[in-house]
*Asks:* 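My questions will all concern the structure given below.
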Amino acid sequence: MPNRVTAKACSNIALVKYWGKRLTSLNTPDVGSLSLTLDKLHTITSVDFNKSLKEDIINLNGVPVASVGYTRIKNFLDLIREKAKMDIYAEVNTENNFPTAAGLASSASGFAALALAGSRAADLTLSDMELSLLARRGSGSAARSVYGGLVEMNAGLNPDGSDSYAVQLYPESYWDLRMIIAVLSDKQKSIGSTEGMNHTKQTAPYYNQWVKSSENDLSEMRNALKKQDFQKVGEITEHSCLKMHGLAMSAAPGIIYWTAETVKIIHLVRSMRRDGIQAYFTIDAGPQVKILCRSQEAAAIEKILRREPEIDTVISCSPGPGAHLLE
Ligand code: PMV
């Protein structure tokens with residue numbers, strides 16, 4: 001069995017959003033989703049199954065992970081141990097090059113990197129589909145970070161989750177898209193995605209309509225990507241984002257991930273469009289605004305964003321690669 005194995009995975013941001021689980025136990029989604037993998041936000045994880053260990057040791061950015069975070073990763077390691085038919089504890093060292101749990105999809109890159117490094121360290125060689133299925137058990141969006149470029153996650157129908165995995169639609173070289181992330185100061189702790197999704201499914205009056213209408217968003221997005229129709233891609237991206245947040249807000253009590261600054265940047269993006277700049281926003285389970293554009297307009301958009309006092313950091317991302325091993 002190899003000793004330490006290290007893998008790198010990039011985060012991804014959904015253009016067509018996932019919100020709501022079909023089966024919480026297997027982490028299968030009620031809706032498909034479609035995302036762009038981002039080169040600038042990544043996790044590097046090393047895993048070493050070592051017979052001398054008395055328990056799993058898990059460090060994030062050099063600090064031991066405690067309580068819920070520890071259990072979540074330990075349970076994921078149990079899945080790998082079960083697959084590999086062994087019961088050796090592991091030492092996991094993971095580093096994010098961006099703020100963890102700040103709505104920048106650290107669980108996507110984190111569980112994709114852990115799925116690859118962990119499975120290889122356990123001497124398993126999984127196909128991309130198998131890796132995506134495994135990564136999904138850690139976090140739904142992680143199933144997409146197995147691949148680079150533009151990626152689609154199948155909702156799937158099977159009771160055992162075997163058809164709930166992602167596939168690559170186009171590699172990172174397909175289209176010179178950019179995703180510019182406006183990191184806003186986030187003092188509040190937002191509701192985690194699992195809790196938010198379950199609460200929404202239980203109480204939001206529009207939930208069934210959300211599920212029903214997602215198939216249409218996905219097929220329109222596939223068409224727009226095929227034609228490289230940027231305006232259409234942007235329009236569907238904003239629509240899916242607003243629909244997801246409108247749905248969460250319609251839960252009882254409503255979930256509001258936005259801050260006043262989020263709303264300000266939404267309007268700023270729309271004013272850029274009125275000025276002829278093709279920019280479209282999307283937002284996840286936190287206040288940060290991500291702006292989709294093409295490479296030729298990225299510099300102008302970044303310049304406008306950098307003038308905003310509410311924005312702490314501007315990170316300009318290109319399409320990134322899929323999860324891969326590091327030497
Ligand atoms: O799979 P999770 O728990 O990271 O949830 C992802 C939820 C959203 O980021 C809001 C949407 C998405 O499709 O990534």
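All ligand and atom numbering here is 1-based and tracks the order in the structure.
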*Asks:* Tell me whether the count of non-hydrogen atoms from other residues, nucleotides or ligands lying under 6.0 Å of OH in Y206 goes above 12.
*Replies:*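 Open.
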*Asks:* Strictly by modelled atom types, are S109 and S11 linked by a side-chain donor-acceptor pair under 3.5 Å?
*Replies:*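 No.
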*Asks:* Specify whether Y257 and H245 have parallel, tilted or perpendicular ring planes, treating 30° as the upper limit for parallel and 60° as the lower limit for perpendicular.
*Replies:* perpendicular
*Asks:* Centre-to-centre under 6.0 Å for F111 and F76, is that the case here?
*Replies:*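 They qualify: ring centres under 6.0 Å apart.
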*Asks:* Strictly under 4.0 Å, does any heavy atom of M153 approach an atom of ligand 1?
*Replies:*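 For ligand 1, residue contact (heavy atoms, under 4.0 Å) with M153 is absent.
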*Asks:* Can you sort out which atoms of ligand 1 are near S139, meaning under 4.0 Å from one of its heavy atoms?
*Replies:*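 Listed by number with element, the hits are 1 (O), 2 (P), 4 (O).
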*Asks:* To the closest 0.5 Å, what do you measure between CG (N158) and CG (L26)?
*Replies:*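 Separation between the atoms: 11.0 Å.
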*Asks:* Would you mind running through ligand 1 and noting each atom that sits below 4.0 Å from a heavy atom of S107?
*Replies:* 4 (O)
*Asks:* Residue-level breakdown please: for S141 versus ligand 1, do any non-hydrogen atoms fall below 4.0 Å on the side chain, on the backbone, on both, or on neither?
*Replies:* both
*Asks:* At less than 4.0 angstrom from any non-hydrogen atom of W19, what atoms of ligand 1 do you find?
*Replies:*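 Ligand 1 atoms under the 4.0 Å threshold to W19: 10 (C).
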*Asks:* Below 4.0 angstrom from a heavy atom of M244, which ligand 1 atoms are there? Numbered from 1 as shown, please.
*Replies:* 10 (C)
*Asks:* Do ligand 1 and S193 have nitrogen or oxygen atoms that lie under 3.5 Å from each other?
*Replies:* yes
*Asks:* Nearest heavy atom to atom 13 (O) of ligand 1: which of R144, R136, E195, K21 does it belong to?
*Replies:*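 Closest candidate by heavy-atom distance is R144.
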*Asks:* Quick one: which of E238, Q288, K17 gives a side-chain hydrogen bond (donor to acceptor under 3.5 Å, both in side chains) with T282?
*Replies:* K17
